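Computed from a prediction, not measured in an experiment: that's the story for all the values here.
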Amino acid sequence: MKARMTFFSLAAALLYLGPLVAGLSAAPIGLLPVFVAVFVLWVAIMRPAVWAKATTGGTPVALAVHLGGMTLLQVLLVILSFALGRGLAAMVGVLDLPVWLPVAVSLAAVPLGRMLWNPAHDSVEADAFLDEARRNADGKTDADRT
């Protein structure tokens with residue numbers, strides 16, 4: 001499971017690498033909505049429980065606020081990655097890459113991440129993994145907790 005989580009983390013890194021490389025290659029700012037769409041697609045596919053929870057049992061206003069907030073967070077992440085790429089380009093120089101390449105990198109992360117992680121099936125394993133990681137970060141074992 002640890003190797004699969006590592007590969008999943010690499011797939012998630014590909015998602016952020018797209019806007020970063022777009023910024024490095026001085027891609028037009030009009031490309032940002034494409035990256036936002038890819039990031040929202042990532043959240044929708046990798047965290048379907050969040051979307052399902054938001055759409056059931058709430059008012060339309062609460063749903064709009066929740067989905068708007070999730071989308072706004074993705075917008076901010078894209079802008080941050082893109083701006084970091086632009087800043088690096090100012091320091092080291094602009095890469096000469098086609099515009100479609102950074103989009104393809106981010107878009108490839110979605111099916112790759114989904115192949116490595118099944119959110120419906122792996123939720124129990126993920127909870128166990130996160131509990132173990134939390135225990136290791138605390139430096140406590142199960143014997144220390146009892």
Side-chain angles (χ1 to χ4, degrees), residues 1-140:
M1 169 133 175
K2 189 174 182 177
R4 192 169 64 160
M5 286 296 289
T6 302
F7 288 128
F8 178 75
S9 297
L10 292 173
L14 282 177
L15 182 71
Y16 292 95
L17 189 65
L20 181 78
V21 171
L24 271 167
S25 64
I29 293 178
L31 200 59
L32 290 179
V34 174
F35 285 114
V36 170
V38 172
F39 274 55
V40 169
L41 179 66
W42 170 272
V43 173
I45 290 176
M46 298 312 299
R47 299 183 62 200
V50 171
W51 296 93
K53 183 179 176 184
T55 57
T56 58
T59 64
V61 173
L63 173 64
V65 168
H66 181 75
L67 296 180
M70 295 277 285
T71 305
L72 180 62
L73 178 62
Q74 302 312 309
V75 168
L76 294 174
L77 289 171
V78 167
I79 289 172
L80 180 68
S81 298
F82 191 81
L84 184 62
R86 284 281 172 103
L88 288 172
M91 290 190 306
V92 298
V94 175
L95 296 177
D96 187 26
L97 296 174
V99 174
W100 59 266
L101 186 62
V103 174
V105 168
S106 283
L107 201 54
V110 176
L112 182 61
R114 183 62 177 86
M115 284 189 314
L116 294 167
W117 188 261
N118 182 353
H121 178 267
D122 296 335
S123 62
V124 173
E125 287 183 35
D127 289 342
F129 176 79
L130 292 173
D131 288 341
E132 179 184 340
R134 193 176 308 119
R135 273 187 251 118
N136 290 340
D138 290 344
K140 297 179 181 177

(message) Can you tell me how far apart CG (Leu20) and CG (Leu80) are? Round to the nearest 0.5 Å.
(response) 9.5 Å
(request) Please identify each residue that fulfils side chain to side chain contact (heavy atoms under 4.5 Å, CB included) with Ala11, with sequence neighbours left out. (result) Leu112, Leu116
(request) Quick one: pull up OG1 in Thr71 and CG in Leu76 and give me the separation to the nearest 0.5 Å. (result) 11.0 Å
(request) Considering non-hydrogen atoms only, spot the tightest contact between Pro111 and Ala108 and give its length. (result) CD-O, 3.4 Å
(message) To the closest 0.5 Å, what do you measure between CZ (Arg114) and CG (Leu41)?
(response) 11.5 Å
(message) Please report the interatomic distance CG(Leu15) to CG(Leu107), rounded to the nearest 0.5 Å.
(response) 9.5 Å
Distance-only donor-acceptor pairs under 3.5 Å for side chains of residues 86-97, two or more places apart:
residue : atom : partner : partner atom : Å
Arg86   : NH2  : Ala27   : O            : 2.4

(request) Would you name the heavy atoms of Pro19 and Tyr16 that are closest together and state the gap between them? (result) CD-O, 3.3 Å
(message) Within this structure, what is the CZ-CG distance for the pair Phe82 and Leu24, rounded to the nearest 0.5 Å?
(response) 10.0 Å
Show which side-chain atoms of residues 28-39 pair as donor or acceptor with protein atoms under 3.5 Å away, not counting sequence neighbours.
none

(message) Please give me the minimum heavy-atom distance between Val21 and Pro102, naming the atom from each residue.
(response) CG1-CG, 4.0 Å
